[in-house]
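Notes follow the structure.
All chains are named by letter (A, B, ...) in the order of the sequence lines, taking the proteins before the strands, and each is independently numbered beginning at 1. Both backbone and side-chain heavy atoms feed into the values below; hydrogens, waters and symmetry mates do not.
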There are 2 protein chains.
Amino acid sequence: MEDRPPVSEPPRGQRSVFVADHVRDLIVSGKLKPGSRISERVLVEKLQISRTPLREAFKVLEGEGLVSIRPNAGATVVALTLEAVEDSLEILIGLESIGAERTVKRATPEAIDEISHLHDQMVAAYEKRELMTYFHLNQEIHQKIIDAAQNEALSRVYAGESARIRRFRFAGNHDVARWERAVLEHTQILDALVRREGPLLREILRAHHLSGWRAARLALEQAPETDA
Amino acid sequence: MEDRPPVSEPPRGQRSVFVADHVRDLIVSGKLKPGSRISERVLVEKLQISRTPLREAFKVLEGEGLVSIRPNAGATVVALTLEAVEDSLEILIGLESIGAERTVKRATPEAIDEISHLHDQMVAAYEKRELMTYFHLNQEIHQKIIDAAQNEALSRVYAGESARIRRFRFAGNHDVARWERAVLEHTQILDALVRREGPLLREILRAHHLSGWRAARLALEQAPETDA
DNA sequence: GAGCGGAACATTGCATGCAAAACCGCATCC
DNA sequence: GGATGCGGTTTTGCATGCAATGTTCCGCTC
């Protein structure tokens, strides 16, 4: 009666995944500042794991473009400029364009039902003003639309790029007017999806991302958090 | 005089990179069969390194989609079906479409000169029937066209997907008639690039990849190497 | 006082040890 | 005869130790 498992310790076999998820959250949520060095020792103590899985997690995050590892000098949080975020966003929009056309052709009714259900949940979260829940459901919907295209490579690449710039896009959600408009746009997205109108879906998605980014960019320029 | 450095041993600080490169080559070249399990012990002995950098390399390769790691069951080479390769190719074509439009707008004269130079080298390799040299220069040209768009995310994602399916596309290069046609197409590509005609470049690239893939697919279907 | 050198300290890269999980083969039971 | 449980072996996951590299700070020199 001296072992203490108050914090559920990560299961053997995926400790590095657990760590990667945790560190990714720290970066995406902004708790780890861009450009700052990530101390192995601090995280090891905080997460109660050894350096081996932590270092494996760093490799994963490096592959995702979230951290940069310099030999003998540790891992640092990649500092993205607004231009770099726009570059990623351009890719994401391009990928969604490809995905949209394919999704309307290939999506199973079950997949569309699931997206529809997520949409309802998201609207509910909006009405309860639960920003965090809304944001996560929002991300999930976009990913599911891509997944419905049934192109594994597309899903994987989209998920990666999406995670990379997630925290920047989050910045656009704080304005209430923008939030309402985003929900409206999502209703249009769902509508185009249900009616399987590919080109329409593609254009709505494009406009949705661009207007979302305009709002985010505005917020970021006022309270910059992206220093090189 | 008893230390033996006959094979240059990897420098400290990037041993996992060295290992990842090596294993990637083994996979891309087909020496490690799709679906087969990769034994840590065998590679450790072969590369004369310890398991730690090897396991880090596995994480990197997993991120690239080349291997799959199951907890407690080791790493296996991902077995791509022809459909999966086509999915990746669809993404690559989409990315090149985005890149082409951007490259004609943003490419520096130096970048175009460099691509032009690579093109000449590639034609020379073709005339000397040096397939391997040709193939590598070919890959490099496509990557440089993308890089000239000056979108870091695009370059990174393209490089990743490209590496993933490299060995499958290589299969299309063995037919001499196809080879000649590919060189011709590349001349058109360079021409469109120099004249900075975006839509034209995009369409030529698309057609180039599709006809290349048709040839590769034909070869692969005759001598299948992609078993699940 | 500023610049330089080096010694003490901190951090990283990698090898290795140990324990848990998976795997394999055999014997037993139904 | 086939399924199943069990002991030994192999392999993996993780922790830790050690050597090499990087960092810092203090004294020395100019």
What integer distance in Å separates [X]:[atom1] from [N]:[atom2]?
| X | N | atom1 | atom2 | value |
| --- | --- | --- | --- | --- |
| B:R70 | D:dT11 | CZ | P | 15 Å |
| A:Q14 | D:dT12 | CD | P | 17 Å |
| A:F18 | D:dC14 | CZ | P | 11 Å |
| A:L47 | D:dC14 | CG | C1' | 15 Å |
| A:E56 | D:dT12 | CD | P | 13 Å |
| A:I69 | D:dG22 | CD1 | C1' | 17 Å |

| query | What parts of residues 36-45 of chain B reach DNA chain D, counting only heavy atoms under 4.0 Å away? | reply |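 Correct list: B:R37, B:E40, B:R41.
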| said: Evaluate A:F168 against A:W213 for ring-ring contact (aromatic ring centres under 6.0 Å, His included), listing each step before the verdict. | reply: CA-CA 9 Å; A:F168 294 92; A:W213 172 240; 7.5 Å; no
Using a strict threshold of under 4.0 Å (side-chain N to carboxylate O), is an ion pair present between [Y] and [X]?
| X | Y | result |
| --- | --- | --- |
| B:E221 | B:R217 | yes |
| A:E161 | B:R156 | yes |
| A:R24 | A:E64 | yes |

For [N], take OP1 and OP2 only and decide whether either is under 4.0 Å from a side-chain N or O of [X].
| X | N | value |
| --- | --- | --- |
| B:T52 | C:dC14 | no |
| B:R15 | C:dG13 | no |
| B:R55 | D:dG13 | yes |

| message | With nearest nucleotide decided by heavy atoms, which residue, A:N72 or B:G74, maps closer to the 5′ end of DNA chain D? | response | B:G74
| message | Return whichever of B:A75 or A:I49 has its heavy-atom-nearest nucleotide of DNA chain D closer to the 5' end. | response | B:A75
| A:H209 and A:H142 aromatic ring geometry - parallel, tilted or perpendicular at 30°/60° bounds | tilted
| query | Under 30°, 30 to 60°, or over 60°: which ring-plane class applies to B:Y126 and B:Y134, parallel, tilted or perpendicular? | reply | tilted
| said: Whether the side chain of B:S88 engages the backbone of B:V85 through a donor-acceptor N/O pair (distance < 3.5 Å, no angle test) should be reported. | reply: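 No: the side chain of B:S88 does not pair with the backbone of B:V85.
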| Checking only heavy atoms, does the side chain of A:R51 share a donor-acceptor pair with the base of C:dG13 at less than 3.5 Å? | yes
